[in-house]
Visitor: 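Submitted below is the structure of interest, expressed as structure tokens.
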Amino acid sequence: MAYRPEEIEPKWQNYWEENHTFKTPDDFQKPKYYILDMFPYPSGSGLHVGHPEGYTATDILARTKRMQGFNVLHPMGWDAFGLPAEKHALKTKTHPEASNRKNIDNFRKQLKMLGFSYDWKREINTTDPSYYRWTQWIFLQLYKKGLAYPSDAPVNWCEELKTVLANEEVQDHVDQGYTVVKRPMRQWMLKITAYAQKLLDGLDDLDWPVHLKEMQRNWIGRSEGCTAFFALDGLTESLDIYTTRPDTMFGASFMVIAPEHPLVDKITKPAHKQDVDLYRRQASLKSDLERTELQKEKSGVFTGGYAINPLTGKKIPVWISDYVLISYGSGAIMAVPANDDRDYEFATKFGLEIVEILEGGELPKGAIVQRVGGTIINSQNSELNLNGLNVSEAIEKTILWLETAGLGKRTIQYKLRDWLFSRQRYWGEPIPILYTEQGEQIAIDEADLPLVLPDVESYEPSGTGESPLATIDSWVNYTYKGIRGKLETNTMPQWAGSCWYYLRFISPDCQHRFVDEEAEKYWMNVDLYLGGAEHAVLHLIYARFWHKVLYDLGLVSTSEPFKKLFNQGMILGEDGQKMSKSLGNVINPDDIVARFGADSFRLYEMFMGPLDRVKNWNTDNITGLSKFLRRIWSLVEDDHGNAVTFCSQDSLETLRVLHRTIRDVTADIDRLYFNTAIAKMMECLNEFKKQEALSKSSVETLLILLSGFAPHICEELWQKLGHSSSISQCIWPVANEEYLIENMVTLVIQINGKVRDQIQITPGLNQEECLKMARASEKVQKYLEGKEPVKVILVPDKLLNLVVK
RNA sequence: GCGGAUGUGGUGGAAUUGGUAGACACGCCAGACUUAGGAUCUGGUGCCGUACGGUGUAAGAGUUCGAGUCUCUUCAUCCGCACCA
């Protein structure tokens, strides 16, 4: 029989399912390995070729680790709350749960078609009440700790989606063409800022890609500086500003406050009120994008008010401008035009004073922004002299002086904002909070969870910016423990369910706790977490936050959830562009599997290149992998379906190749170099095919190495070789050192760094012996021309370089 | 603008610590075979040159006996951040 993937692949998928081959035993004695894929959102369009890339990589590792004696946790589930299902429900008037189930069934079928070794008994779904019961429970833990609170601050409102968005989501939506505006609304916030420092510090010990850690660091955005209190001329209030450069304070020649700053009305003098009000109105109408447009010219108006520079005692004007953001620091700055490009631009546009405070400036060409190395000038009052100091000395000295004078204090600022956690949506976890008729807010008892989503007629958001739940009186009006009240109608964002799903996989059926305590201690933390980089500052920072809260509450045993993280690179279409329906360059895994089989597909995705690199799809290249599998097949059975005859003893050469392959493939899998692992198995096969005959054991060993990559064909051939149990139950081979030692090695001979000859030597020859052998070579003699080398370099068993003048 | 990464044949890509550049595969060329297939097998294939040889890892310089690998400069591509005071 020839190799027919379409016959053997379903056969083995059924076998694995019927025999529960990949069920993870609750055996806490064995060493464990928790290998996690980012679980998918089950969209209506099914898997694309990007999903199997990461899933194949983790599957190879999972299968290999099992054979290496680890108890492997390798689960899969569905991140199924979210907007697309709700939009579909709006369009078709079907319950999101129905379309969800259909999509999940399709995803599951596709994943099984690819032969992944998930423990399907642990499958979870974030929209299942038995799951979101615990999402709500964790929310209540945050609530009780004061980390979840309602707020009336302006939020990011998306007009088209009729819902609010978290800061982390805004950019993405704007890129997709949505309009996002600031609008004040009462919303639930999670106090992620309380964990800013912990989230930052935790990054140091994580084995994550550098760029990803860097993105999180930037997002958290820690900076060190000081708050200074500027007295306001004629007012009792002071204007507090944050600066990282107090050393430049002598050069502060005006102040700028954000249009939304609470002191604007007080500072503004009647003569300027009209201008200021107009400016504020214009600013409030601009979207965030317009306001932060970079190339935009600076705008602003004078308030008529003055502040006092605490160092110089001089009166300086206070302006308002939208280049100062209300959401960062105190929403007000001291402007030092000599030292800051933005302030410089503003000062020159409006003719404001520029005071030079750093030596070597080239005013009026532009500001000098120097963090280090600059020398300070013009900075002296009766008590404080910064002249001649370098920047860091001057910063320290100024902060100390301000603190002593009661005019300021050392401050650490973060860019990270609290997490906007409620959405005006139906298809999400209800927030388990009740508002009594007295306006009190009470949490539903943990024992009464889950608070289940009601069925609704219409999924249309109410026009008022409230969730569809607000229109269901029978659900909203709620009597709880004899108290009449109204339930919170906002739901949680899609990110909620994915904040802790990796914990639920550990004990998906646990009824008394969100995760079984003993099992959690055994399985955590995740040894390898693999997924796309698009979650860098969303899912990955939210999940770390929840985990750290749970850790501080003593509910989990590790301070970080994902010890090692890896991003697979995107797979682009054959045209080198991102796959999209509109470009018509989408490759469907179903088609590829139908044409070539799942094993070839898996191998191809791994052979394309390094896992983390962006790669172009090329269907033609799959043929190479198909051919490889057919040649593997021929090791066991010939074209006519006859069993191949094995020999009893392999040649030494065969054993050398085999054991080198064992060593290299094992190492490559370990460091996720799947492309080179496959290349080495190909080399091994090429060598095998040159042999007259092979031993059964050598063929079996190669099959075991390959079985993580192409599991179906390996199972089939394993069975043909007479085994009755699954190849996945084999023990991973170990290279025998005896066969790794070479009896002859190639010594490269260079003359002046150029390769002139290669000779075979026995390993371990010293320089003198090598030189003697080299001199025997005709080619070498030709280049030496009787001259003596002035220098000889020997890299033992590799290279001999002779330097001749 | 700032930060990060990458740059190797016609193509995808190999090359722990500086030590034979181009493994493996696609494609292409030549040949064999046939149950004519989306086959299989054998050989070749960086570039220039008939051979000896020369040359070659984005460009340029440097360190070194020796550089794809280390240092500096420049260029290109990709990704992230972007008025964060």
Side-chain angles (χ1 to χ4, degrees), chain A residues 2 171 209-215 217-219 221-223 225 241-245 248 256 291-296 298 321-325 327-336 339-343 345-346 413-417 533-534 536-537 567 569-570 595-596 603-604 607-610 612-628 630-631 634 639-640 667 671 673 675-686 689 746-758 779 782 789-796 798-804:
Chain A
Q171 189 58 51
V210 272
H211 69 274
L212 216 137
K213 287 206 217 182
E214 214 38 49
M215 277 166 77
R217 287 198 186 99
N218 286 339
W219 191 260
R222 180 191 154 108
S223 77
I241 58 100
Y242 172 73
T243 179
T244 55
R245 296 296 304 274
T248 65
V256 186
R291 279 184 60 161
T292 55
E293 196 119 38
L294 231 62
Q295 259 49 1
K296 183 191 74 167
K298 293 270 177 293
S321 170
D322 62 5
Y323 85 89
V324 173
L325 310 172
S327 56
Y328 185 75
S330 60
I333 61 156
M334 64 171 194
V336 185
N339 191 241
D340 183 288
D341 286 325
R342 298 154 302 179
D343 298 345
E345 202 189 315
F346 196 81
Q413 277 287 335
Y414 300 92
K415 283 199 271 181
L416 186 71
R417 303 268 68 93
E534 65 274 18
V537 294
N567 293 127
M570 218 194 315
R595 280 174 68 185
F596 302 96
L603 273 174
Y604 170 63
F607 192 65
M608 285 175 87
D612 55 356
R613 202 103 50 103
V614 177
K615 298 165 280 264
N616 291 7
W617 181 268
N618 183 347
T619 302
D620 288 344
N621 286 346
I622 304 178
T623 55
L625 286 306
S626 281
K627 196 165 126 187
F628 169 62
R630 277 195 297 273
R631 279 157 61 84
S634 74
D639 291 348
H640 308 288
R671 43 180 203 163
Y673 280 29
N675 55 332
T676 54
I678 294 168
K680 278 157 193 160
M681 289 187 280
M682 286 173 165
E683 274 184 89
C684 179
L685 175 65
N686 290 344
K689 294 296 272 183
T746 305
L747 184 76
V748 170
I749 298 166
Q750 297 185 334
I751 313 287
N752 291 338
K754 284 186 198 276
V755 178
R756 295 305 179 190
D757 201 6
Q758 301 172 15
K779 289 183 190 168
K782 190 179 130 199
V790 292
K791 192 169 181 180
V792 179
I793 294 113
L794 177 73
V795 182
K798 275 193 171 169
L799 177 139
L800 181 75
N801 188 15
L802 307 178
V803 185
V804 189

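Just the heavy atoms: all of them, side chains too, but no hydrogens, waters or symmetry mates, feed the values below. Below, read A as the first sequence line, B as the second, and so on, with proteins coming before strands; counting in each chain starts at 1. Just so it is clear, the model here is predicted, and its values are computed rather than measured.
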Visitor: Taking OP1 and OP2 of rA85(B), is either one under 4.0 Å from a side-chain nitrogen or oxygen of Y242(A)?
Guide: no
Visitor: By the 4.0 Å heavy-atom rule, please label Q413(A) as base, sugar-phosphate, or nothing.
Guide: nothing
Visitor: Take the protein atom CG of D757(A) and the nucleotide atom P of rU20(B), then report the distance between them rounded to whole Å.
Guide: 15 Å
Visitor: Distance check: side-chain N/O of N567(A) vs OP1/OP2 of rC79(B), anything under 4.0 Å?
Guide: no
Visitor: Who are the ring-ring contact (aromatic ring centres under 6.0 Å, His included) partners of F607(A), not counting sequence neighbours?
Guide: none
Visitor: To the nearest Å, give me how far apart CG (L603(A)) and C1' (rC24(B)) are.
Guide: 13 Å
Visitor: Provide, to the nearest angstrom, the distance between the CZ atom belonging to R756(A) and the C1' atom belonging to rG66(B).
Guide: 14 Å
Visitor: Mind checking if V324(A) touches a base, just sugar-phosphate, or nothing, with heavy atoms under 4.0 Å?
Guide: base
Visitor: Atom OH of Y414(A) and atom P of rA85(B): how far apart are they, to the nearest Å?
Guide: 13 Å
Visitor: Does A536(A) have any side-chain contact (heavy atoms from CB on, under 4.5 Å) partners at least two apart in sequence or in another chain, and if so, which?
Guide: L212(A), M215(A)
Visitor: Relative to the 5' end of RNA chain B, which residue comes earlier, E683(A) or Y328(A), by the nucleotide with the nearest heavy atom?
Guide: E683(A)
Visitor: Any base atoms under 4.0 Å from V795(A), or only sugar-phosphate, or nothing? Heavy atoms, all strands.
Guide: base
Visitor: If each of M682(A) and R671(A) is mapped to the nucleotide of RNA chain B with the nearest heavy atom, which maps nearer the 5' terminus, i.e. the 5' end?
Guide: R671(A)
Visitor: Consider the side chain of A679(A), meaning its heavy atoms from C-beta on, and name the nucleotide among rA23(B), rA82(B), rU20(B) that approaches it most closely.
Guide: rA23(B)
Visitor: What string of B, S and - do you get for nucleotides 4-13 of chain B, 5' to 3', if B is base contact, S is sugar-phosphate-only contact and - is no contact with any protein heavy atom under 4.0 Å?
Guide: S-------BS
Visitor: Reading nucleotides 35-41 of chain B 5' to 3', which nucleotides get B (base under 4.0 Å from a protein heavy atom), which S (sugar-phosphate only), which -?
Guide: B--BSSS
Visitor: Flag the pair V537(A) / N218(A) as yes when at least one side-chain heavy-atom distance between them is below 4.5 Å, and no otherwise.
Guide: no
Visitor: Please report the distance, rounded to the nearest Å, between CZ in R245(A) and C1' in rA85(B).
Guide: 11 Å
Visitor: Could you work out, with ring-ring contact (aromatic ring centres under 6.0 Å, His included) as the rule, every residue matching Y323(A), not counting sequence neighbours?
Guide: F346(A)
Visitor: Just the rounded figure in Å: distance from P of rU64(B) to CG of L799(A).
Guide: 19 Å
Visitor: Do the side chain of K298(A) and the base of rC83(B) come within less than 3.5 angstrom through a donor-acceptor pair of N or O atoms?
Guide: yes
Visitor: Which ranges of RNA chain B pair up as stems, where a stem means three or more consecutive Watson-Crick or G-U pairs with both distances under 3.5 Å?
Guide: B:1-7 with B:75-81, B:10-12 with B:24-26, B:27-32 with B:40-45, B:46-48 with B:53-55, B:58-62 with B:70-74
Visitor: Just to confirm, is there a sub-4.0 Å distance from OP1 or OP2 of rG19(B) to any side-chain nitrogen or oxygen of K798(A)?
Guide: no
Visitor: For R222(A) and rA85(B), give me the distance from atom CZ to atom P, rounded to whole Å.
Guide: 13 Å
Visitor: Looking at every strand, decide which applies to K680(A) at a 4.0 Å heavy-atom threshold: base, sugar-phosphate, or nothing.
Guide: nothing
Visitor: Does atom NZ (K798(A)) have a neighbourhood of more than 12 heavy atoms from anything else shown, all under 6.0 Å?
Guide: no
Visitor: In whole angstrom, what separates Y673(A)'s OH from rA25(B)'s P?
Guide: 21 Å
